[in-house]
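Each remark here refers to the structure printed beneath this line.
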There are 2 protein chains.
Amino acid sequence: MKTPPADSFSALLRERGLRATPRRLQLLSLLARAERPMSAHEIKAKWKRGRIDLVTLYRALDALVAATLARRVDLRHGHIDYEINRSGNHHHHLVCTGCGVIEEVTACPGKNLGELALARSAKFASLEEHALEFFGTCKACVA
Amino acid sequence: MKTPPADSFSALLRERGLRATPRRLQLLSLLARAERPMSAHEIKAKWKRGRIDLVTLYRALDALVAATLARRVDLRHGHIDYEINRSGNHHHHLVCTGCGVIEEVTACPGKNLGELALARSAKFASLEEHALEFFGTCKACVA
DNA sequence: GTTAGTGCAAAGCCTTTGCATGAGG
DNA sequence: CCTCATGCAAAGGCTTTGCACTAAC
């Protein structure tokens with residue numbers, strides 16, 4: 001999982017009409033390195049250079065999500081988690097209801113199923129996104 | 001969509017070791033009649049006979065979810081929604097990001113996909129549940 | 001009579017809003 | 001320079017906790 005250079009992040013931000021500030025670059029870098037979705041509070045705790053206000057963080061995350069550079073995920077942990085949205089890295093999650101451990105699932109019927117659902121739907125004009133998460137028990141929590 | 005008689009709800013509750021109180025019976029009845037998932041606040045607002053404290057409602061909902069009589073759903077509305085969990089009525093949702101309107105999706109690859117994900121997983125022992133929701137734009141919001 | 005359920009008050013926690021200051025392009 | 005980004009303070013909203021009282025069985 002290699003991390004794109006900071007310049008590439010700058011370009012990504014500017015392409016979407018967002019300013020490439022140090023905080024947003026570090027945020028993208030953090031998200032890109034992360035091995036699992038993180039909450040705003042976790043991101044703040046992991047912040048390296050300088051500090052970031054939680055409000056700024058929430059607003060930056062909102063901007064990234066709106067720009068499709070990040071995704072929101074609900075893992076039933078009582079808060080929103082965020083993860084980077086790389087093209088070609090579509091995936092979902094297995095979540096342990098015991099300890100919260102997370103594993104990625106790469107198989108996904110979402111697109112086809114979405115088209116089917118849309119075709120059968122009376123009310124909807126288009127689908128942009130879907131959420132799919134599995135909840136179960138990990139081997140450590142069974143023992 | 002017929003509603004089972006209250007006696008049947010009593011039996012359901014007792015089978016799971018829960019007491020069949022008037023509030024829980026009315027709660028099950030409300031959930032069974034609902035055409036879409038509802039938040040705790042919505043349920044309280046729809047309450048007919050007498051009144052129910054929000055705390056009691058949250059605890060009753062927790063009990064129903066634990067007893068698999070209800071399900072939690074995240075439709076990205078900033079709160080948890082609840083719906084009845086009837087056997088043979090497994091479904092998911094289309095959610096309009098414009099106006100919030102909801103439509104049910106009956107097609108679901110969850111079981112097979114879950115088994116596949118579990119087979120490929122290194123860490124997980126079992127899967128009990130999954131969440132699958134589609135987000136898009138309804139015809140009214142396109143116009 | 002025991003135990004589970006309920007209400008009230010209060011707190012907890014994540015998240016958002018408003019406003020003034022500061023930095024990007 | 002003008003606009004967007006940031007920080008601080010405060011509030012908002014959903015949900016949980018503690019404790020005393022009530023009702024189911």
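Chain A is the first sequence line, chain B the second, and so forth, proteins listed ahead of strands; every chain is numbered from 1.
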Are any protein N/O atoms closer than 3.5 Å to N/O atoms in nucleotides 22-24 of chain D? If there are, list each pair with its distance.
residue	atom	partner	partner atom	Å
D:dA24	N3	B:Arg19	NH1	3.2

Every protein N/O within reach of nucleotides 17-20 of chain D N/O, cut-off under 3.5 Å:
residue	atom	partner	partner atom	Å
D:dG18	O6	B:Arg59	NH2	3.1

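Contact between the side-chain N/O atoms of B:Tyr58 and the OP1/OP2 oxygens of D:dT16 is not found at any separation under 4.0 Å. Distances shown here put every side-chain N or O of A:His41 at or beyond 4.0 Å from the OP1 or OP2 atom of C:dC13. A close approach under 4.0 Å does occur between a side-chain nitrogen or oxygen of A:Arg24 and OP1 or OP2 of D:dT6.
Of the listed nucleotides (D:dT6, C:dT6, D:dC8), C:dT6 has the atom at the smallest distance from the side chain of B:Arg23.
If you run side chain to side chain contact (heavy atoms under 4.5 Å, CB included) between B:Tyr58 and each of B:Leu54, B:Val55, B:Thr56, only B:Leu54 comes through.
At a cut-off of 3.5 Å, with distance as the only test, a side-chain donor of A:Thr68 or A:Arg16 sits close to an acceptor on the other residue. A donor atom on one side chain and an acceptor atom on the other are not found under 3.5 Å apart for A:Arg14 and A:Ser10.
For the pair B:Trp47/B:Leu30, a side-chain contact is recorded, criterion being any heavy-atom separation below 4.5 Å from C-beta on. For the pair B:Thr137/B:Val142, a side-chain contact is recorded, criterion being any heavy-atom separation below 4.5 Å from C-beta on.
A distance below 6.0 Å separates the ring centres of B:His92 and B:His130.
Every side chain to side chain contact (heavy atoms under 4.5 Å, CB included) that B:His91 has, sequence neighbours left out, goes to B:Arg71, B:Glu83, B:Asn89, B:His93, B:Glu104.
Distance CD/B:Gln26 to NZ/B:Lys46: 13.0 Å, rounded to 0.5 Å.
For residues 108-127 of chain A, the set of pairs meeting the side chain to side chain donor-acceptor pair (under 3.5 Å) definition, not counting sequence neighbours, comprises A:Lys111-A:Glu115, A:Ser121-B:Glu103, A:Ser126-A:Glu128.
Annotation: the terminal axes of the helix from C:dG1-D:dC25 to C:dG25-D:dC1 meet at 40°, where each axis is the rotation carrying the C1' atoms of four end pairs onto the next four (5 pairs per end, rounded to 10°).
The CG atom of B:Leu57 sits 11 Å away from the C1' atom of D:dT15 (whole-angstrom rounding). Whole-Å rounding puts the A:Leu18 CG to C:dA23 P distance at 20 Å. Regarding A:Leu75, its CG atom lies at a distance of 15 Å from the P atom of C:dC14, rounded to whole Å.
Residue B:Leu127 is found in a hydrophobic cluster whose other members, listed by chain and number, are A:Leu94, A:Val101, A:Val105, A:Leu113, A:Leu116, A:Leu118, A:Phe124, A:Leu127, A:Leu132, A:Phe134, B:Leu94, B:Val101, B:Val105, B:Leu113, B:Leu116, B:Leu118, B:Phe124, B:Leu132, B:Phe134; membership requires side-chain heavy atoms under 4.5 Å apart, directly or through intermediates.
Relative to the ring axis of A:Tyr82, A:Arg72 does not place its NZ or CZ within 45° and under 6.0 Å from the centre.
In this structure, A:Leu54 and B:Arg72 both approach DNA chain D, and ranking their closest nucleotides by distance from the 5' end singles out A:Leu54.
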